[in-house]
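Beneath this line is the structure, given in structure tokens, with notes to follow.
Quick caveat: nothing in here was measured; it's all calculated off a predicted structure.
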Amino acid sequence: MTAGHLSVIRDARQWLEAGRRVWLCTIVETWGSSPRPVGSWLAISEAGDWSGSVSGGCLEEDLLRGVADQGGEGPVLIDYGITDSDRDQFQLPCGGRIRLLVEPLAGDASLAHVRELDEALSRHRAVVRRISVQRTLAQGVAQLDYQPVKGNSSVTRDGEQFIHALQPECRLLLIGAGEVARYVAEFALAADFAVTLCEPREAFATGWSHHHIPLDRRLPDDLVAATFNDPFTGVLALAHDPRIDDMGLLAALQTGAFYVGAMGSKRTSQARRERLASLGLDQATLDRLRAPIGVDIPSKTPAEIAISVVADLIAARHHLRQAGAPL
């Protein structure tokens with residue numbers, strides 16, 4: 001399951017592979033209040049398909065109607081909210097103003113660029129796009145470099161060039177099917193995390209009916225070792241079964257995962273720490289474990305527990321993005 005920038009660029013890739021022309025709209029500056037942050041994307045195909053968002057809907061409608069008529073074969077800047085008429089028409093909140101960079105994408109060079117960007121973000125690599133507003137399609141597309149990135153999809157300007165720093169999407173491995181896992185998955189997807197459920201137990205896997213959330217039947221330590229082990233990954237033990245939870249935690253705590261947590265009471269959490277210590281984890285490694293999981297609110301129901309967990313995940317993701325993560 002994907003969200004955010006990766007979802008947008010995959011849709012753009014699909015349209016380009018089908019031979020359609022695409023326009024990629026990026027928020028490069030805002031003044032006052034803005035519905036979406038700098039760096040947000042909206043991709044539009046010549047067939048009228050769209051992916052992503054740059055506002056609450058008012059700008060999307062205008063862009064869908066007129067983006068192909070903005071002119072030129074190269075990137076153009078479009079401002080919304082400059083005049084009173086703009087603010088009335090597009091209902092920008094609090095008199096805000098948004099500047100968009102609109103890039104036309106077409107042909108083999110654009111497709112190669114979008115494929116490379118898709119593959120980099122899919123491999124959880126930070127990437128920087130450099131877009132010159134002076135170029136045309138005939139002169140090539142934006143350039144990509146790979147370097148550590150701080151902040152959340154920041155955009156800066158250097159003369160006639162915009163520099164868009166992109167971090168990979170944060171993804172979660174949820175260990176153990178159940179009501180808490182279902183709510184955590186739903187809320188996390190809404191908060192732009194990618195989510196996979198790990199459930200090796202036959203009875204629980206068979207009863208999992210939420211097919212839009214990927215289910216992997218492998219053992220959690222095998223999954224962590226194979227895939228879920230980078231700084232943009234969170235691992236959550238929600239099975240309430242030490243045979244399953246402890247395997248995943250033991251593996252995850254020895255990786256660079258930005259979040260490793262386990263559900264349970266304070267007494268259960270202390271017993272878990274003692275078990276993990278007996279398996280060879282030192283105190284510094286054990287201190288990375290968030291248990292009991294989630295922010296400290298009086299949560300009792302599965303939905304309330306999930307809200308506390310996802311709130312904690314959002315806070316941890318914010319700290320990760322501000323600090324930056326190695327490639």
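- Side chains of Val76 and Val133 form no contact here, defined as non-hydrogen atoms less than 4.5 Å apart.
- Applying the side chain to side chain donor-acceptor pair (under 3.5 Å) rule to Thr26 yields the partners Trp41; only residues at least two apart in sequence or on another chain are considered.
- His5 approaches Glu169 most closely through the heavy-atom pair N-OE2, 2.8 Å.
- Residues Glu199 and Gly176 share a closest heavy-atom pair of OE1-CA, 3.3 Å.
- Around atom CD of Gln143, no more than 12 heavy atoms belonging to other residues, nucleotides or ligands sit under 6.0 Å away.
- Residues passing the side chain to side chain donor-acceptor pair (under 3.5 Å) test with Gln254: none are found, sequence neighbours excluded.
- Between atom CG of residue Leu77 and atom CD of residue Glu29 there is a gap of 8.0 Å, rounded to the nearest 0.5 Å.
- Counting only heavy atoms from C-beta outward, the side chains of Leu223 and Leu173 approach each other to under 4.5 Å.
- You'll find the side chain of Arg20 stays beyond 4.5 Å of the side chain of Gln14, heavy atoms only.
- Residues Ile293 and Ser308 share a closest heavy-atom pair of O-OG, 4.5 Å.
- Note that the CD1 atom of Ile27 and the NE2 atom of His164 stand 10.0 Å from one another [nearest 0.5 Å].
- A side-chain N or O of Glu186 and one of His212 form a donor-acceptor pair less than 3.5 Å apart.
- Atom CG of Asp282 sits in a crowded spot, with more than 12 heavy atoms from other residues, nucleotides or ligands closer than 6.0 Å.
- Checked against side chain to side chain donor-acceptor pair (under 3.5 Å), Ser45 has the following partners two or more places apart in sequence or in another chain: Asp49.
- Looking at Glu202 and Thr206, their side chains do bring a donor and an acceptor atom within 3.5 Å of each other.
- Annotation for Val310 and Val184: closest pair CG2-O, 3.9 Å, computed over non-hydrogen atoms.
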Assess the residue pair Asp158 and Arg130 against the criterion (salt bridge (Lys or Arg N to Asp or Glu O under 4.0 Å)); give the C-alpha distance rounded to whole Å, side-chain angles, the decisive distance to 0.1 Å, and a yes or no. CA-CA 10 Å; Asp158 181 10; Arg130 300 180 183 274; 5.9 Å; no
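- Side chain of Ser40 to backbone of Pro37: a donor-acceptor contact under 3.5 angstrom is found.
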Pair Arg115-Glu119, salt bridge (Lys or Arg N to Asp or Glu O under 4.0 Å): steps then yes or no: CA-CA 6 Å; Arg115 281 175 173 164; Glu119 290 163 7; over 6 Å; no
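- Judged by distance alone, the side chain of Ser122 and the main-chain N or O of Asp118 form a donor-acceptor pair under 3.5 Å.
- Take Thr156 and apply the side chain to side chain donor-acceptor pair (under 3.5 Å) test, not counting sequence neighbours, and it matches no residue.
- Residues Leu100 and Ile98 are in side-chain contact: their nearest non-hydrogen atoms beyond the backbone lie under 4.5 Å apart.
- Of the N and O atoms on the side chains of Arg129 and His113, at least one donor lies less than 3.5 Å from an acceptor on the other residue.
- Formation of a donor-acceptor pair under 3.5 Å by the Asp245 side chain with backbone atoms of His240 is found in this model.
- Between the side chains of Thr255 and Asn229, no donor N or O sits under 3.5 Å from an acceptor N or O.
- Counting only heavy atoms from C-beta outward, the side chains of Leu101 and Ile131 approach each other to under 4.5 Å.
- Here the side chains of Leu172 and Leu313 are in contact, with some heavy-atom distance below 4.5 Å.
- Hydrophobic side-chain contacts under 4.5 Å tie Leu219 into a cluster, directly or through other members, with Met247.
- The main-chain N or O of Pro302 is never found under 3.5 Å from a side-chain atom of Arg182 such that the two would form a donor-acceptor pair.
- Summarising the geometry of Val54 relative to Leu42, their closest heavy-atom pair is CG1-CB, 3.8 Å, with the distance given to 0.1 Å.
- Under the ring-ring contact (aromatic ring centres under 6.0 Å, His included) criterion, His210 pairs with Trp208, not counting sequence neighbours.
- Nearest approach of Pro231 to Phe258, heavy atoms of both residues: O-CB, 3.2 Å.
- Geometric assessment of Arg171 against the ring of Phe228 yields a positive cation-pi assignment under the 6.0 Å and 45° thresholds.
- The CZ atom of Phe232 sits 12.5 Å away from the CZ atom of Phe193 when rounded to the nearest 0.5 Å.
- In this structure, CG on Asp108 lies 7.0 Å from CG on Leu111, to the nearest 0.5 angstrom.
- Under a 3.5 Å cut-off, the side chain of Arg157 and the backbone N or O of Gly159 do form a donor-acceptor pair.
- In this structure, the separation between CZ on Arg99 and CG on Asp79 is 4.0 Å, given to the nearest 0.5 Å.
- Side-chain contact between Arg267 and Arg272: absent, with no pair of heavy atoms (C-beta onward) separated by less than 4.5 Å.
- Ser154 is not listed as a side-chain neighbour of Val38, based on a closest heavy-atom distance of 4.5 Å or more.
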